[in-house]
Amino acid sequence: MSRPLHRGATGGRVSGNSNDLWDSQMKDKTEKEDLDRNRSSDQSYLALRFPFRVLFPENNSPSKYGSGENGFASDPFIVGSPRSRHKWALLLLKLSLAVIVILALTGSFWWTISITTMSRGQILHNYRRLQEQLVSDLWDIGELSLGSSRLQELEFCSEESENYAPCFNVSENLALGYSDGSENTRLCGQSSRQSCLVLPPVNYRIPLRWPTGRDIIWVANVKITAQEVLSSGSLTKRMMMLDEEQISFRSVSPMFDGVEDYSHQIAEMIGLRNESNFVQAGVRTILDIGCGYGSFGAHLFSKQLITICIANYEPSGSQVQLTLERGLPAMIGSFNSNQLPYPSLSFDMLHCARCGIDWDLKDGYFLIEADRVLKPGGYFVWTSPLTNARNKENQKRWNFVRDFAENLCWEMLSQQDETVVWKKTSKRSCYSSRKPGAGPSTCSKGHDVESPYYRPLQGCIAGTQSRRWIPIQEKTTWPSRSHLNKTELAIYGLHPEDFSEDAENWKTTVTNYWSVLSPIIFSDHPKRPGEEDPSPPYNMVRNVLDMNAHLGGFNSALLEAGKSVWVMNAVPTSGPNYLPLILDRGFVGVLHDW
């Protein structure tokens, strides 16, 4: 009798008696065990091979453990299944976290080593800077906390105070017995203070944009009459034309450019081709004594030179006021009895064109003060009818000035018409090589004050013991001069890192200032009919006063940003005095007691 057919594990057909059936089952069991062992071995092999299969899957070859004709289920660790991808992704994530932790620990280890090897001096230096900043911040907070209690309602000053200048009161000085020029002396007393707000002139108008405002100013903004202009004895004062509303300066006219010819003559007397070569000769900063209305400095500004005007206080027709109105550096200053508020060795050139200073008076003290503020190798230019004197009295005065200049170790380079140019010695040994008793002696260390503040005039030669005694011909020329090197900074006790940090901070600050100021100034600034709106308003601010200049970083950042401005760097007398550094950088500034 035939039995029904059965399909085994192998898919083959079996038939026969019970013994054959038992043999067949035993054979199937044995094959199954062998298959399980092979499967376990292949799983171990897959575990090692899997990372590479994740990156380089064998898409073109069928899976060894996939569902096949034998009816077995798919392997749970096959790469292509969703479950396997999830598990291996978690595994890779854990490995990545482990690598990150190892790298972090390694970096921390090396950072710790670098900290321990850092110089102790640098750490202390940074700590000290943080302490100083903390004290400064606490002081500012204290000042702000007292602000509300100090607020007072201020009234406006009368029209008579339009030209009020603190510490300069000629009528009061005359009443006190000052005369013969000393009435212009700066005297600060309780009576010189005013607790009111000084108003601008009644018909004041916003100045024209630079550089137009350099050559044309509004009459209503200054207190001057045509008679005062015509009666002026100054060379540069007469180079102007006055009409009902405006004052225009002739020096900008191609038909009459006396200032250009004059400055060209000075350059030739020094030995230069023209005034454009002043910078190559080491000249950058010029002190213009009795400057008229600043025409000399206005012309030289285009030659990368900066000229600061000083002149006596004048109740009306002020040289300083008109010069500032033109957008040029100026301040009230007098040689009469006190030293100027500048450090020794401050300027590359001193200029006096009929400036009204009688250099032969007071036993040459005025010339000694001029020598004090002049840098080694600098130039003193004097234009006066006295240099071409014909009568005996004036010849005697001229001979005194000439001989005294020689005893100051000044070399006369040239004399043409009424103009004489001297050059200050660049060698300190010149003073000791003079004949005994010839000229003033050099100041002792106790009297050689680098930055006097309106101290009485001295009768000795100052600056000879200064570490800043460097001839202008040996200095780097402008504009490289503004970036002091490590050796130069060491003179002032500064680290290059501090200097660079200050410069970077001010660059950012200037960018922020300008972004705020530009729309305000642009909307309010006047524009003549037919004029186009200026491209980015870089020329709408001209005169800038930095009330606490520190290292002059604000000044430097403005110039590097291409702003056509000049800055009066005021250094408070109550804080660190970096005014010598500011002047050595090629900027202008002054000591001031706020």
Side-chain angles (χ1 to χ4, degrees), residues 235-236 259-291 296-297 299-301 303-310 329 335 340 342-355 357 359 364 366-384 386-387 398 401-428 430-431 461-464 468-478 481 583-584 586 588:
L235 174 66
T236 54
V259 172
E260 182 174 355
D261 293 339
Y262 175 65
S263 58
H264 187 85
Q265 175 190 1
I266 294 174
E268 289 183 335
M269 294 173 70
I270 291 175
L272 306 174
R273 183 174 181 180
N274 53 49
E275 63 270 29
S276 299
N277 298 115
F278 275 136
V279 170
Q280 283 71 31
V283 177
R284 159 65 181 172
T285 55
I286 300 175
L287 182 66
D288 195 1
I289 306 164
C291 61
F296 183 64
H299 172 69
L300 293 179
F301 186 82
K303 313 300 181 184
Q304 299 296 308
L305 304 176
I306 185 165
T307 302
I308 181 170
C309 160
I310 61 167
F335 271 85
L340 298 173
Y342 308 120
S344 301
L345 318 179
S346 292
F347 298 97
D348 306 314
M349 177 183 288
L350 267 62
H351 174 254
C352 167
R354 299 186 180 182
C355 59
I357 303 294
W359 297 105
F366 296 157
L367 287 171
I368 295 175
E369 177 63 7
D371 177 85
R372 184 185 71 83
V373 298
L374 188 60
K375 289 179 179 292
Y379 303 97
F380 182 83
V381 181
W382 184 32
T383 298
S384 170
L386 197 65
T387 61
W398 159 239
V401 173
R402 183 186 58 197
D403 295 341
F404 200 90
E406 182 179 353
N407 290 330
L408 287 174
C409 286
W410 291 5
E411 176 190 0
M412 182 187 290
L413 297 181
S414 180
Q415 179 178 1
Q416 294 182 15
D417 302 325
E418 295 183 350
T419 302
V420 183
V421 177
W422 284 277
K423 180 180 179 181
K424 179 177 177 177
T425 183
S426 58
K427 299 178 180 179
R428 294 186 239 205
C430 176
Y431 303 108
I461 300 173
T464 58
R468 297 171 49 241
W469 181 281
I470 304 173
I472 63 172
Q473 293 80 9
E474 297 179 11
K475 287 179 170 287
T476 55
T477 58
W478 179 264
R481 181 193 288 193
L583 292 166
D584 286 349
V588 294

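Computed over heavy atoms, backbone and side chain alike; hydrogens, waters and symmetry mates excluded.
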Expected output: side-chain [X] to main-chain [Y] donor-acceptor under 3.5 Å:
X: Ser346; Y: Tyr342; answer: no
X: Ser384; Y: Arg354; answer: no
X: Gln280; Y: Leu272; answer: no
X: Lys424; Y: Leu374; answer: yes
X: Gln473; Y: Gly377; answer: yes
X: Arg481; Y: Gly586; answer: no
X: Arg284; Y: Asp584; answer: no

Kindly compute the distance separating [atom1] ([X]) from [atom2] ([Y]), expressed to the nearest 0.5 Å.
X: Trp382; Y: Arg402; atom1: CH2; atom2: CZ; value: 11.0 Å
X: Phe347; Y: Ile306; atom1: CZ; atom2: CD1; value: 10.0 Å
X: Ile289; Y: Ile308; atom1: CD1; atom2: CD1; value: 11.5 Å
X: Asp371; Y: Phe366; atom1: CG; atom2: CZ; value: 15.5 Å
X: Trp469; Y: Ser426; atom1: CH2; atom2: OG; value: 8.0 Å
X: Lys375; Y: Ile472; atom1: NZ; atom2: CD1; value: 9.0 Å

Any donor-acceptor pair under 3.5 Å linking the side-chain atoms of [Y] with those of [X]?
X: Thr419; Y: Tyr262; value: no
X: Thr307; Y: Asp288; value: no
X: Glu260; Y: His264; value: no

If every non-hydrogen atom of [X] is compared with every non-hydrogen atom of [Y], which pair is closest and at what distance?
X: Arg372; Y: Leu340; answer: NH2-O, 3.2 Å
X: Phe278; Y: Met349; answer: CE2-CE, 3.9 Å
X: Ala370; Y: Phe335; answer: N-CE2, 4.1 Å
X: Leu345; Y: Gly463; answer: CD1-O, 3.7 Å
X: Gln415; Y: Val420; answer: CG-CG2, 3.7 Å
X: Trp478; Y: Gln304; answer: NE1-OE1, 3.4 Å

Next item on the list: Kindly state whether the ring of Phe380 and the ring of Trp410 have centres lying under 6.0 angstrom apart.
Entry: yes
Item checked: disulfide bond (SG atoms under 2.5 Å apart) assessment of Cys291 paired with Cys309 -> CA-CA 5 Å; Cys291 61; Cys309 160; 1.8 Å; yes
Next item on the list: Give the C-alpha distance, both sets of side-chain angles, the deciding distance and a yes or no for side chain to side chain contact (heavy atoms under 4.5 Å, CB included) between Val283 and Val279.
Entry: CA-CA 5 Å; Val283 177; Val279 170; over 6 Å; no
